[in-house]
Number of protein chains: 2
Amino acid sequence: MLHNTNEKIQLAIVDDHPVVIEGLQRLLNSRDYLDVAGTFTSGNAFLQHLKGNKIDIVLLDISLPDINGMELCKEIKKRSPGTSVLVLSNHSERSIIMQMLQNGASGYLLKNASADELLNCINEALNGQISFSNEIKQIIARPSAHELKEVPQLTRREKEILHLISDGLTTPQIAEKLSLSQLTIETHRRNLLQKFDVNNVAALIKVAVQQGLV
Amino acid sequence: MLHNTNEKIQLAIVDDHPVVIEGLQRLLNSRDYLDVAGTFTSGNAFLQHLKGNKIDIVLLDISLPDINGMELCKEIKKRSPGTSVLVLSNHSERSIIMQMLQNGASGYLLKNASADELLNCINEALNGQISFSNEIKQIIARPSAHELKEVPQLTRREKEILHLISDGLTTPQIAEKLSLSQLTIETHRRNLLQKFDVNNVAALIKVAVQQGLV
DNA sequence: GGAAAAATACCGGGAAACAGGTAAAGCAAA
DNA sequence: TTTGCTTTACCTGTTTCCCGGTATTTTTCC
């Protein structure tokens, strides 16, 4: 995990604002254990670079001109699982932070984080750690009322049918699989829609996935 | 955040195994800044306790006899946002960890974590921090290939319609809202199903939510 | 300016889903 | 034993969705 002391950490920067890149370079070049191996203003350029070069950690903005930073993060982890992704962004929405984490980011800071905080997070991420700035930690630790909304209590059978619906099975298919009448499945569907107070399956599955039920 | 030195941290333990509770109590009672204010073998019992008592941090198992630990976590944060929830579980699946985080947990350790690690996480969580054991950090930092699956590239209109579908609007409703023909919406729906390689809206919305598209 | 992608719209048909209602059997808990 | 919940199943009717295909216009990009 931690590198030999005679071998510099290969770090890359991906941001669509050259001035941000320049500022980061100035800050990081003064650390003799870090080598700013490359800077990129587009996601595709960085992905190309990853093909022939090993990068230990990348400082990644989310808003990029070509690829969505969330997808880029995923692509980076797919192509080079050993590369740590540290998000450096102005987006402070909890849902974005959680999604970046879900997509494989090792850390997240806002662009207003201090230099010390950035370096600390870089070091922690290089040690295989999940690292956030304190500000991000407090955002994560404070879900909104919407995020804490209670889900209905489902019976065993309802859960089973909800899973099957979310897997894309139709009512006839579920009936066959469970050896039940299609009319039985229809009744269960109706009961699920009523419990979640939605009108159709799209809204049902959206809530169910968001709440971790499927 | 950090308490006065003359005031003990009120800590609670919720686990359905009395032997686990006892072991934790032995460990924690030796720390003079902690007060094990209560131990509970059921979620409801703890929620009752929360009504009249302030708890700074709770060590929470996920598998409980009455309430699902994920729902319990949500309920705790809803009723007492200032209470930190530190999950102590045998479940090491990344999806469970992420969902507990999403539901408001401030930290997560496996039950095989060392005493030092547990105490360290308790202290960090009390400082408003998100804290994990090193083992959990490595699980989070390593998403599976399934979790990194690429989502199709959607056009601007497709994204818009996908959002509306996930909000539960029907084809006629979307057509009216966007001032387009129902047949146009039908074509967009068909294209979305094809792009995601699914057969119906349930599977479509499931993937879209999981991938953070809606 | 041209090519390609995106967006719009159409057609017919059948299946699935939704909506409103009802009812009985089985199971679990008090 | 009783009560209440869960599960199963039925009925009719309407609406929506999915499936197979096609075509033209608009917009975007090279």
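Naming convention: chains lettered A, B, ... in sequence-line order (proteins, then strands); numbering from 1 in each chain.
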>> Generate the contact string for nucleotides 11-25 of chain D. Rules: B means base contact, S means sugar-phosphate contact only, - means no protein heavy atom under 4.0 Å.
In response: -----SBBSBB----
Pair up each side-chain donor or acceptor in residues 99-109 of chain B with any protein partner under 3.5 Å, not counting sequence neighbours, and list the distances.
{"from": "B:Q99", "atom 1": "NE2", "to": "B:N103", "atom 2": "OD1", "distance (Å)": "3.0"}
{"from": "B:N103", "atom 1": "ND2", "to": "B:M70", "atom 2": "O", "distance (Å)": "3.1"}
{"from": "B:Y108", "atom 1": "OH", "to": "B:H91", "atom 2": "O", "distance (Å)": "2.7"}

> Are side-chain heavy atoms of A:K177 and A:I185 found at a separation under 4.5 Å?
Replying inline: no
> Within a strict 4.5 Å, meaning less than it, do heavy atoms of the A:F196 and A:L154 side chains meet?
Replying inline: yes
What are the atom names and distances for every N/O pair under 3.5 Å that joins the protein to nucleotides 4-7 of chain D?
{"from": "D:dT7", "atom 1": "OP1", "to": "A:R157", "atom 2": "N", "distance (Å)": "3.3"}
{"from": "D:dT7", "atom 1": "OP2", "to": "A:T155", "atom 2": "OG1", "distance (Å)": "2.3"}

> Can you tell me if B:S144 and B:R94 form a side-chain donor-acceptor pair at under 3.5 Å?
Replying inline: no
> Going by heavy atoms in the side chains, are B:L50 and B:E75 under 4.5 Å from each other?
Replying inline: no
>> I'd like to check the side-chain hydrogen bond (donor to acceptor under 3.5 Å, both in side chains) partners of A:N199; sequence neighbours left out, ordered by chain and number.
In response: none
> Can you pull the contact range of chain B along DNA chain C, 5' to 3', using atoms under 4.0 angstrom from its heavy atoms?
Replying inline: C:dA6 to C:dC10
> Tell me, do B:S80 and B:I55 make a side-chain contact under 4.5 Å, heavy atoms counted?
Replying inline: no
>> I'd like to know whether CG of B:N112 has more than 12 heavy-atom contacts from other residues, nucleotides or ligands below 6.0 angstrom.
In response: yes
>> Would B:L28 and B:I122 count as a side chain to side chain contact (heavy atoms under 4.5 Å, CB included) here? Give the steps.
In response: CA-CA 10 Å; B:L28 298 169; B:I122 289 175; 3.8 Å; yes
> Quantified as the angle between the terminal helix axes (five pairs each), what is the overall bend of the helix from C:dG1-D:dC30 to C:dA30-D:dT1 to 10 degrees?
Replying inline: 70°
> Can you find a heavy atom in the side chain of A:L88 that is under 4.5 Å from one in the side chain of A:I13?
Replying inline: no
>> Counting neighbours of CD on B:Q194 that are heavy atoms of other residues, nucleotides or ligands and sit closer than 6.0 Å, is the number greater than 12?
In response: yes
>> Could you tell me if the side chain of A:N44 sits less than 4.5 Å from the side chain of A:L47, heavy atoms only?
In response: yes
